[in-house]
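These notes are about the structure you will find just below.
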Amino acid sequence: MNIKKYQENGFVIARDVIDKDEIKNVFLALNKILENHVIPFNFPAKYYDFNLDSKLIYLKANHPSIFGSFYDRCQCLLELQKITAGQNLIESATKLLNIPKEVISVSSQAIRIDPPNDTKHTLGWHQESSYSFFNKNGKNGLVCWIPLQDTDSSNGTIIVSPNSFHDGWIEPLKEENPQGSSETRKPSNEITSKFNNLSVEVNKGDVVFMNMDLFHASGYNSSSSVRFTCRARFHNTLAEDFVSHRMTPSPSRSDLNDIFKNDPRLLLANN
C-alpha cells in the first residue's frame, strides 16, 4: 500500500486486504436472512429457484418495502463487523492515519445492496465529512469502501476525484430529494466542474481508502447483477478534534458543541 500516494491524492487502493472466507460468510448470512424473511409472503413458486441476485432484483421491482426491510436487517450483521474489524484492514487504516492501532475508532459500518439501474439511491459528488462528525479535520479520519465482488464501471464502482481534498470541507448545497431517494449533500456545479473523474476498478477483497474530505460519488450499476459493497469510517481518537461520545451512529448535539462550535456542519448533524 502506497502511503505517499494516499497523502498526495487523498485515496489509495489496498489489494487483498479482506479474507475471501469472511466475504463468503457475509453472503451466507444474506441468504439466510432472505430465506427466512420472504417465506411468509407467498411469492411465486419460481421465486425460490432464483439465486440471491435474482431474488433481490425481483423484490426491489415488485415488493420494494420488503426489499427495504431486508436491507435494514442486514446492517448490523456480526459477519459484516468481522470484515470492518479485520486485522489487515485495521493495520492499513492506522498506517494511513499514522496512529497506534490501539487508539483507532470505527463508526458507520454499513452494507450497500445496489440493484441494476437504480438511480434513487446513488450518491452524487460528496465528501464523507458532510455525513460523519467524529473528527472535524478530514485528515484525522478516513472512510474505506470495500467491494464484496469484482467491481468496475459496468456495475457501478466508486468514482473519485484525486486531490480534491486539499481545500478541506466545503459546505454543500441544500437540496430537496424526491420521496424515497437517498439524501444528498452535494457541492456546487462550480466546484464539480473542476473535478477529474476516476472510476476505480477493484477486485473482491480489495479496499479503497479515502480522506474524509475527498470528493467521491457512486457509480451507476448498468449490469444485470446486484452490486454488494461495504463501508466503514475510521477515526483518530487521540486527535484534539475528536468528538468524545458514546457508541452511537452519530454524536449528539451536545457532544458536537465543543469541537464544532459555530460550524455549519451542526445543521447537517441535526438531520
Side-chain angles (χ1 to χ4, degrees), residues 1-3 6 10-34 52 70-114 123 128-129 131-135 137-151 157-158 200 202-212 214 216 227-239 241-252 255:
M1 183 177 60
N2 192 327
I3 296 176
Y6 174 80
F11 81 97
V12 70
I13 303 170
R15 303 291 183 182
D16 294 317
V17 174
I18 309 300
D19 189 297
K20 303 296 194 302
D21 286 338
E22 292 182 348
I23 294 176
K24 179 181 178 181
N25 287 339
V26 169
F27 282 105
L28 287 174
L30 296 181
N31 273 297
K32 287 183 182 296
I33 292 174
L34 190 62
L52 178 64
F70 166 80
Y71 192 107
D72 292 342
R73 285 170 184 257
C74 298
Q75 298 305 322
C76 297
L77 281 169
L78 184 59
E79 294 299 338
L80 193 62
Q81 294 177 22
K82 289 179 182 178
I83 286 181
T84 58
Q87 285 302 304
N88 289 340
L89 184 66
I90 298 301
E91 288 178 6
S92 298
T94 53
K95 286 178 182 177
L96 294 173
L97 291 172
N98 192 28
I99 59 174
K101 64 181 180 181
E102 293 82 6
V103 299
I104 195 168
S105 295
V106 63
S107 70
S108 302
Q109 164 203 279
I111 187 170
R112 281 193 61 110
I113 303 171
D114 292 280
L123 283 173
E128 210 69 16
S129 49
Y131 295 86
S132 178
F133 308 100
F134 292 97
N135 289 102
N137 192 319
K139 72 177 182 180
N140 289 329
L142 57 80
V143 58
C144 63
W145 188 84
I146 306 167
L148 300 181
Q149 82 271 63
D150 295 352
T151 311
T157 192
I158 195 166
V200 181
V202 283
N203 298 322
K204 179 170 67 176
D206 296 343
V207 178
V208 182
F209 291 95
M210 294 175 285
N211 182 291
M212 299 292 279
L214 184 82
H216 57 285
R227 187 189 71 237
F228 298 89
T229 57
C230 175
R231 179 206 69 202
R233 297 165 180 154
F234 293 99
H235 314 277
N236 179 0
T237 311
L238 294 182
D241 69 343
F242 181 75
V243 178
S244 300
H245 65 285
R246 292 177 181 261
M247 190 63 178
T248 56
S250 183
S252 68
D255 291 331

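Only this structure's heavy atoms are used, side chains among them; waters, hydrogens and symmetry mates stay out.
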Within a strict 4.5 Å, meaning less than it, do heavy atoms of the Lys139 and Met212 side chains meet? no

request  = Ignoring hydrogens and angles, tell me if any N or O in the side chain of Asp150 forms a donor-acceptor pair with the backbone of Lys204 under 3.5 Å.
outcome  = yes

Answer yes or no: is there a donor N or O on one side and an acceptor on the other, between the side chain of Thr94 and the main chain of Glu91, under 3.5 Å? yes

Under the criterion side chain to side chain contact (heavy atoms under 4.5 Å, CB included), I'd like the reasoning laid out for Phe134 against Ser105: C-alpha separation, chi angles, the key distance, then a yes or no.
CA-CA 9 Å; Phe134 292 97; Ser105 295; over 6 Å; no

Q.
Keeping Ser92 on the side-chain end and Asn88 on the backbone end, is there a donor-acceptor pair under 3.5 Å?
A. yes

For the pair Ile111 and Thr229, evaluate side chain to side chain contact (heavy atoms under 4.5 Å, CB included) and give the outcome as yes or no after the intermediate values.
-> CA-CA 6 Å; Ile111 187 170; Thr229 57; over 6 Å; no

### Query
For Asp72, does the CG atom have more than 12 heavy-atom neighbours from other residues, nucleotides or ligands under 6.0 Å away?
yes

Separation between CD (Gln149) and CG (Asn203), nearest 0.5 Å, reads 10.5 Å

* Full working for side chain to side chain contact (heavy atoms under 4.5 Å, CB included) between Lys95 and Ile3 -> CA-CA 8 Å; Lys95 286 178 182 177; Ile3 296 176; 4.1 Å; yes

Shortest non-hydrogen pair, Val106 vs Phe234, comes out as CG2-CE2, 3.7 Å

Checklist entry - Do the side chains of Phe70 and Ile113 get nearer than 4.5 Å, heavy atoms only? => result yes

Output for pair (Ile83 CD1, Gln109 CD), nearest 0.5 Å, gives 9.0 Å

task = For residues Cys74 and Leu80, determine if any side-chain heavy atom of one lies less than 4.5 Å from a side-chain heavy atom of the other.
result = no

Between Lys20 and Asp16, the two heavy atoms sitting closest are NZ-OD1, 3.5 Å

Tightest non-hydrogen contact, residues Leu214 and Gly10, listed as CD2-O, 3.7 Å

Closest non-hydrogen contact found for Ser132 with His235 is OG-CE1, 3.5 Å

Exercise for the section: For the residue pair Tyr6 and Leu142, establish whether any side-chain heavy-atom pair is separated by less than 4.5 Å. Expected result: yes

Smallest heavy-atom separation, Asp114 atom then Arg112 atom, equals OD1-NH2, 2.6 Å

dist Asn140:CG -> Asn211:CG (nearest 0.5 Å) comes out at 9.5 Å

Item to complete: Carefully, step by step, assess Phe27 and Phe228 under the rule ring-ring contact (aromatic ring centres under 6.0 Å, His included).
Response: CA-CA 9 Å; Phe27 282 105; Phe228 298 89; 5.0 Å; yes

Counting only heavy atoms from other residues, nucleotides and ligands, does the tally under 6.0 Å from NZ of Lys32 exceed 12? no

Cut-off 3.5 Å, side chains only: do Asp241 and Asn135 have a donor facing an acceptor? yes

Side chain to side chain, Arg73 and Leu77, heavy atoms closer than 4.5 Å | no

Here the gap from Thr237 atom OG1 to Leu97 atom CG, rounded to the nearest 0.5 Å, amounts to 9.5 Å

Rounded to the nearest 0.5 Å, the CE atom of Met210 sits from the NE2 atom of His216 at a distance of 4.0 Å

- Message: Between Arg233 and Ser107, do the side chains contain a donor N or O and an acceptor N or O under 3.5 Å apart?
- Response: no

dist Leu89:CG -> Glu22:CD (nearest 0.5 Å) comes out at 9.5 Å

Given side chains that start at C-beta, do those of Thr157 and Pro147 come closer than 4.5 Å, heavy atoms only? no

Checklist entry - Is there a side chain to side chain contact (heavy atoms under 4.5 Å, CB included) between Arg231 and Ile146 once you walk through the steps? => result CA-CA 6 Å; Arg231 179 206 69 202; Ile146 306 167; over 6 Å; no

Are side-chain heavy atoms of Tyr131 and Leu123 found at a separation under 4.5 Å?
yes

(request) Please determine if Arg15 and Asp206 form a salt bridge, counting it only when a charged side-chain N lies under 4.0 Å from a carboxylate O. (result) yes

